[in-house]
Amino acid sequence: MLRTSTARIDRWCDKTMSVLREQQLEACQERLTRCPTRGIFSDLGEDETRALFQFSYYAHEIRRRYPSRSELCAKVLARLSKEACFLSPREDDLVKRMLLFGGKIQLSDWEEISAAEALISRLWCTLQIENDETATLKLEENLLLPITHAMLSQQYQQMREKLFSFDATLHSLLYLSGFLHAAVPMTHFKGQLPREMREHAEMLIGRYLRAGFDYTQNGQGEILLLHPGLAEPEKLLSGLVGFAPTEIHLTREMMQGGMNGLLPEEVASCEAMRGALIGAIRPECDPEEALEDLRMMAKQGAALSEMREVLESMLCVLPTPRMLSALSQLHLQTVRWVGMPSAVLN
């Protein structure tokens with residue numbers, strides 16, 4: 001999902017991972033309220049076709065402005081069998097649910113709206129928002145049979161297996177560094193594809209990354225993938241020249257820790273903090289989200305005093321010596337992201 005640019009916020013209480021996630025979902029929901037309600041295979045007028053085009057991925061991929069509706073329909077159908085192989089995990093789940101229930105479903109979780117937005121950007125789906133709690137996602141009727149055939153193919157099964165490994169590697173890298181220039185994994189993954197899948201591969205992988213990860217991009221369209229807990233990508237990007245790609249060599253232990261979202265050297269402090277939070281969190285807060293917020297702050301080099309301020313905002317009691325000791329341990333033992341201040345400077 002695109003990370004929208006925001007003004008710099010000084011207080012950590014306003015830029016924790018849980019707050020960022022909520023802001024991302026609200027921004028996505030607001031965009032979807034403005035998306036066209038009729039799909040590309042409907043009998044659209046020129047203005048409606050342009051609106052759909054502007055909302056779609058094609059607006060960034062086609063140099064010529066405003067292709068006709070028939071041209072867009074032809075592109076969707078021509079690439080569909082390959083594109084089905086490159087759906088993000090949540091997109092893939094939504095499509096299968098729609099196929100199971102005759103082409104439309106009610107979104108059961110507002111966190112699914114980012115995947116719904118991606119499917120709409122592919123021109124595969126339309127969305128009807130009834131109220132703040134209910135939205136219906138509908139797969140274009142013309143695509144029901146072609147997608148079914150595509151997902152039953154051997155090509156689809158082989159690509160999903162490759163993407164599972166690719167996805168795990170990306171999540172590991174993002175946990176270790178906080179951000180990742182997309183050129184490195186795109187080039188690596190493209191080289192693993194069979195010859196028949198390489199046509200439009202860069203475009204298909206780019207859509208997969210946009211649908212499955214937080215990202216931002218520069219004026220040249222280069223993608224920088226972001227860990228969802230990275231609070232100020234604009235500040236980070238200001239220190240990078242031209243999004244220069246960097247290689248990270250993973251050990252088996254680092255890879256496993258990245259996949260689990262917790263490195264071996266972080267386990268003890270994480271468990272101590274979890275134990276200290278039990279029974280002390282405000283009713284509207286989720287204990288695991290609270291712990292994750294504190295860990296992501298530590299990864300970004302937040303000062304211990306800033307972490308204590310956020311901790312106190314989560315509690316329904318005064319912080320105990322045990323909590324403060326666990327917080328100090330978490331602050332010291334959490335591995336920092338690339339370029340972030342170390343604990344000794346705080």
Can you tell me if R336 uses its side chain to pair, donor with acceptor, with the backbone of Q300 under 3.5 Å? no

Applying a strict under-4.5 Å side-chain criterion to I, L, V, M, F, W and Y, I'd like to know whether M323 and M297 cluster together. yes

Do you know which of Y215, W337, F179 makes ring pair (Phe, Tyr, Trp, His ring centres under 6.0 Å) with H227? W337

Walk me through it: do W124 and E91 pass the test side chain to side chain contact (heavy atoms under 4.5 Å, CB included)? CA-CA 11 Å; W124 285 21; E91 284 181 291; over 6 Å; no

Hey, can you pull the donor-acceptor pairs under 3.5 Å for the side chains in residues 145-155, sequence neighbours left out?
unit_1, atom_1, unit_2, atom_2, d
T148, OG1, L144, O, 2.7
S153, OG, A150, O, 2.7
S153, OG, Y156, N, 3.1

What side chain to side chain donor-acceptor pair (under 3.5 Å) pairs are there with at least one residue in residues 258-283, not counting sequence neighbours? Y175-E266, E266-K299, E271-R274, R274-E288, R282-E284

Find out whether K138 and Q128 are in side-chain contact, i.e. whether some heavy atom of one side chain is under 4.5 Å from a heavy atom of the other. no

Chi angles and distances behind the side chain to side chain contact (heavy atoms under 4.5 Å, CB included) call for V76, E83: CA-CA 9 Å; V76 170; E83 195 168 346; 6.0 Å; no

Please give me the minimum heavy-atom distance between I281 and A290, naming the atom from each residue. CD1-CB, 4.0 Å

For S68, the side chain to side chain contact (heavy atoms under 4.5 Å, CB included) test, sequence neighbours excluded, returns S70, E71

For residues 42-57, which residue pairs pass the salt bridge (Lys or Arg N to Asp or Glu O under 4.0 Å) check, not counting sequence neighbours? R38-E48, E46-R50

Output all residues satisfying side chain to side chain donor-acceptor pair (under 3.5 Å) with D167, sequence neighbours left out; order by chain, then residue number. H171, Y208

Main-chain N/O of L330 paired to T334 side chain as donor or acceptor, under 3.5 Å: yes

With A135, which residues qualify under side chain to side chain contact (heavy atoms under 4.5 Å, CB included), at least two apart? L107, W110, L127, I129

Between W12 and the options E306, M307, E309, the side-chain contact (heavy atoms from CB on, under 4.5 Å) test singles out E306

Taking the six-membered ring of Y58 as reference, does the NZ or CZ atom of R207 fall below 6.0 Å from its centre and within a 45° cone about the axis? yes

dist T169:OG1 -> L163:CG (nearest 0.5 Å) comes out at 11.0 Å

Shared hydrophobic cluster, L123 / I120 (ILVMFWY, side-chain heavy atoms < 4.5 Å): yes

Just to verify, what does E22 make a salt bridge (Lys or Arg N to Asp or Glu O under 4.0 Å) with, not counting sequence neighbours? none

Ring pair (Phe, Tyr, Trp, His ring centres under 6.0 Å) filter on F189, not counting sequence neighbours, yields F166

Within the 4.5 Å heavy-atom criterion, are L180 and F213 side-chain neighbours or not? no

For the atom pair CG (L311) and CE (M273), what is the distance rounded to the nearest 0.5 Å? 5.0 Å

So, taking the atom named CD in E232 and the one named CG in L226, what distance separates them when rounded to the nearest 0.5 Å? 12.5 Å

Spacing of C285 atom SG and L291 atom CG [to the nearest 0.5 Å]: 13.0 Å

Treating S313 as the side-chain partner and V310 as the backbone partner, does any N or O pair qualify as donor plus acceptor under 3.5 Å? yes

F41: ring pair (Phe, Tyr, Trp, His ring centres under 6.0 Å) partners, not counting sequence neighbours: none

Can you confirm whether I278 sits close enough to P287 that some side-chain heavy atom of one is under 4.5 Å from a side-chain heavy atom of the other? no

Would you mind reporting whether I62 and P67 have side-chain heavy atoms less than 4.5 Å apart? yes

Could you list the residues that satisfy side chain to side chain contact (heavy atoms under 4.5 Å, CB included) with R69, not counting sequence neighbours? I40, L44, T49, C73

Look at the side-chain heavy atoms of Ile, Leu, Val, Met, Phe, Trp and Tyr, link any pair under 4.5 Å apart, and say whether V267 and L176 land in one connected group. yes

Side chains of P233 and L224 in contact at under 4.5 Å (non-hydrogen atoms): no

Checking R160 side chain against L87 main chain: does a donor-acceptor pair fall under 3.5 Å? yes

In chain order, what residues pass the side chain to side chain contact (heavy atoms under 4.5 Å, CB included) check against D93, with sequence neighbours excluded? R97

Flag the pair R31 / C28 as yes when at least one side-chain heavy-atom distance between them is below 4.5 Å, and no otherwise. yes

Check the hydrophobic clustering (I, L, V, M, F, W, Y; side-chain heavy atoms under 4.5 Å; chains of links allowed) and say if L139 and Y57 are grouped together. no

Tell me whether L315 shares a hydrophobic cluster with V19, the cluster being built from Ile, Leu, Val, Met, Phe, Trp, Tyr side chains joined at under 4.5 Å. no

Would R21 and E292 satisfy side chain to side chain contact (heavy atoms under 4.5 Å, CB included), going step by step from the backbone distance to the final call? CA-CA 12 Å; R21 183 184 291 117; E292 193 170 40; 3.8 Å; yes

Closest heavy-atom contact between Q333 and A268? OE1-CB, 4.4 Å

For S56, does its backbone N or O pair with a side-chain atom of R122 as donor and acceptor, under 3.5 Å? no

Would you find a donor on one side and an acceptor on the other, under 3.5 Å apart, between the side chain of R308 and the backbone of L324? no

Please test M197 against K82 for side chain to side chain contact (heavy atoms under 4.5 Å, CB included), starting from the C-alpha separation and ending with a verdict. CA-CA 7 Å; M197 292 295 291; K82 290 182 179 178; 4.1 Å; yes

Could you list the residues that satisfy side chain to side chain donor-acceptor pair (under 3.5 Å) with R195, not counting sequence neighbours? none

Looking at D293 and M17, would you say the former's side chain and the latter's main chain have a donor-acceptor pair under 3.5 Å? yes

Checking S165 side chain against K162 main chain: does a donor-acceptor pair fall under 3.5 Å? no

Would you say the side chain of C125 lies within less than 4.5 Å of the side chain of M98, judging by non-hydrogen atoms? yes

CG of D214 to CG of L209: how many Å apart, nearest 0.5 Å? 12.0 Å

First locate atom CG of L204, then atom NZ of K190, and finally report the distance between them rounded to the nearest 0.5 Å. 10.5 Å

Please indicate whether F164 has more than 12 foreign heavy atoms, meaning atoms of other residues, nucleotides or ligands, lying under 6.0 Å from its CZ. no

